[in-house]
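Contents: one structure, followed by commentary.
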Number of protein chains: 2
Amino acid sequence: MDAFNDTEGHAPSRMRITISDRAAGLRTRGHVYAALRDAIVTAEFEPGQRLSETDLAERLGVSRTPVREALVRLRDDRLVEIVPQLGTYVTRISHAAVGDAQFVRESLECAAVRLAAQKASAEDIEALHAILQRQVEAHQANDVARFYVFDDELHRSLCDLSAHGIAWSLSQRASGHLNRIRRLSMTLPAYIDEMIDEHHTVVGAVARKKASEAEKALRKHLQMVLSFLPDIQRSHPQYFES
Amino acid sequence: MDAFNDTEGHAPSRMRITISDRAAGLRTRGHVYAALRDAIVTAEFEPGQRLSETDLAERLGVSRTPVREALVRLRDDRLVEIVPQLGTYVTRISHAAVGDAQFVRESLECAAVRLAAQKASAEDIEALHAILQRQVEAHQANDVARFYVFDDELHRSLCDLSAHGIAWSLSQRASGHLNRIRRLSMTLPAYIDEMIDEHHTVVGAVARKKASEAEKALRKHLQMVLSFLPDIQRSHPQYFES
DNA sequence: TCGCGAATACTTGTATGCAAGCATGTTCGG
DNA sequence: CCGAACATGCTTGCATACAAGTATTCGCGA
């Protein structure tokens, strides 16, 4: 469960880890993985960019060993490609990888929301509405970053309610390519109102314990991310492969 | 995609890697991960057993570095628990982990089989039937190991037909606890006839392009593994936690 | 004989050194 | 002037050494 918890740092998205951080907490490995993943997902490390273990180790103030372990995990996430004796590269966004991530996310989260609709208690529904409310406030404050924080929190809560929190862990772990698109599209907040509507639809269906309705609404909602793809590919063609 | 390909060695399940293997292929890392995972899933390394990086490195004829990387991946698989400055332990089988694995497998494979039913060509169906045939022959020859090899092959083929081979990769990656139960139950071949029947039902539904039927049949089939759980827990109570 | 303390032998986490291989730049030859 | 071969500097893969911490065990004292 906490296999992925390390990675979703809501941290201020800074990649340079201060010496004090290292001295204080000794969980350097988790920090390195989180920092690198965040840097890749936010496109601070651009798709296609070449990474150097030595360089990363220096910039992070650690040795190559924890950097290597983090890169191996990121390879499992399909976010980097390690070519022996040649180099490590940030993967370019591919339609196949995006499609796979979308498939995994739909499969797991839709299955989870069905269970959530069956199991959710009144307090659970209350908590979901609270998250929705805070997300609306973030939108009104024009705070896009916070908006997406609560977006994640809502989806995670839905998975947790299914009693299979692993759905969210695996979904996030597999959604590296999708999240890159999502982050890149943060400058295109055209559909935000629509997203909020869809969130209300999903939570409403869960509250009324309509599993199939909730699944259908969530699936439609998840597929909206894909609508960003053409725009992103147009504005950042060098980030995509072939 | 090949992130997990390393691990599913149909290899003769031997854990000691010969020197020649090491000198010849330089993919020691994949070998180490595959060997350790196989040893855990086959209960050669028993649940609860303490592992030592140094010991494993000696037995495998490599250094601690590739062993460590393999153990980190196995930690993501929830097959080992690494306690800093204390030791690395093979996780005991827990109902929660089994339930999570079952949830993931059902979600991904059932979603995949729906797509498979829609996309499968005549040749694809033919290939599926061929696998079924060979599995029946393995059963008639009383070769339980081969039976399970073709079982995996069938499930993998169904996922591949969905054009999302990642479904099988992630499913297997997440099914460590389930596979341990399956391996332990290889001495209880009571339901094998039933399994074959269910396989035919699934493939038949796919052939007739009945997505919902295929999904329903596959779900029922997947849930049968859980019926092994009480027996296994009775015969190996020390493998389970709490 | 029992109890407590200190030393020891382990563990993992990290850092560093060495080996093998590829790419590029430079230099020498035609 | 152009081309090819060689040397250099980079990369990752692996091995090893050091550091920090814990459990156990052995020895000593009451």
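The chains referred to below are lettered A, B, ... by the order of the sequence lines, with proteins before strands, and numbering in each begins at 1. The basis for the numbers below is simple: all heavy atoms, side chains too, and nothing from hydrogens, waters or symmetry mates.
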Exercise. Would you verify whether the NZ or CZ of Arg73(B) falls within 45 degrees of the ring axis of Tyr33(B) while also being under 6.0 Å from that six-membered ring's centre?
Key: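 Output yes; distance and angle both within limits.
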Quiz item: Looking across every strand, which nucleic acid part, if any, lies under 4.0 Å from Leu51(B) by heavy atom: base, sugar-phosphate, or nothing?
Solution: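 Touches sugar-phosphate only.
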Exercise. Have a look at Arg50(A) and say if it touches a base, only the backbone sugar-phosphate, or nothing, with a 4.0 Å heavy-atom cut-off.
Key: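 Counting heavy atoms under 4.0 Å across all strands, the contact made by Arg50(A) is with sugar-phosphate only.
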Is the phosphate of [N], meaning OP1 or OP2, less than 4.0 Å from a side-chain N or O of [X]?
X	N	answer
Thr65(A)	dA15(C)	no
Thr54(B)	dC10(C)	no
Ser63(A)	dT16(C)	no

Quiz item: Given atom CZ of Arg68(B) and atom P of dG13(C), what is their separation to the nearest angstrom?
Solution: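 Rounded to the whole Å, the gap is 4 Å.
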Exercise. Taking side-chain contact (heavy atoms from CB on, under 4.5 Å) as the test, write out the residues that go with Tyr89(A), two or more places apart.
Key: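 Tyr89(A) satisfies side-chain contact (heavy atoms from CB on, under 4.5 Å) with Arg50(A), Val83(A), Leu86(A) only.
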Quiz prompt | Residue whose closest nucleotide on DNA chain C lies nearer the 5' end, Leu86(A) versus Leu86(B) | solution =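 Nearest nucleotide further toward 5': that of Leu86(B).
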Taking the minimum atom-to-atom distance to the side chain of [X], which one of [options] wins?
X	options	value
Val62(B)	dT12(C), dT12(D), dA15(D)	dA15(D)
Thr88(A)	dT12(D), dA15(C), dA20(D)	dT12(D)
Arg64(B)	dG13(C), dA15(D), dT11(C)	dG13(C)

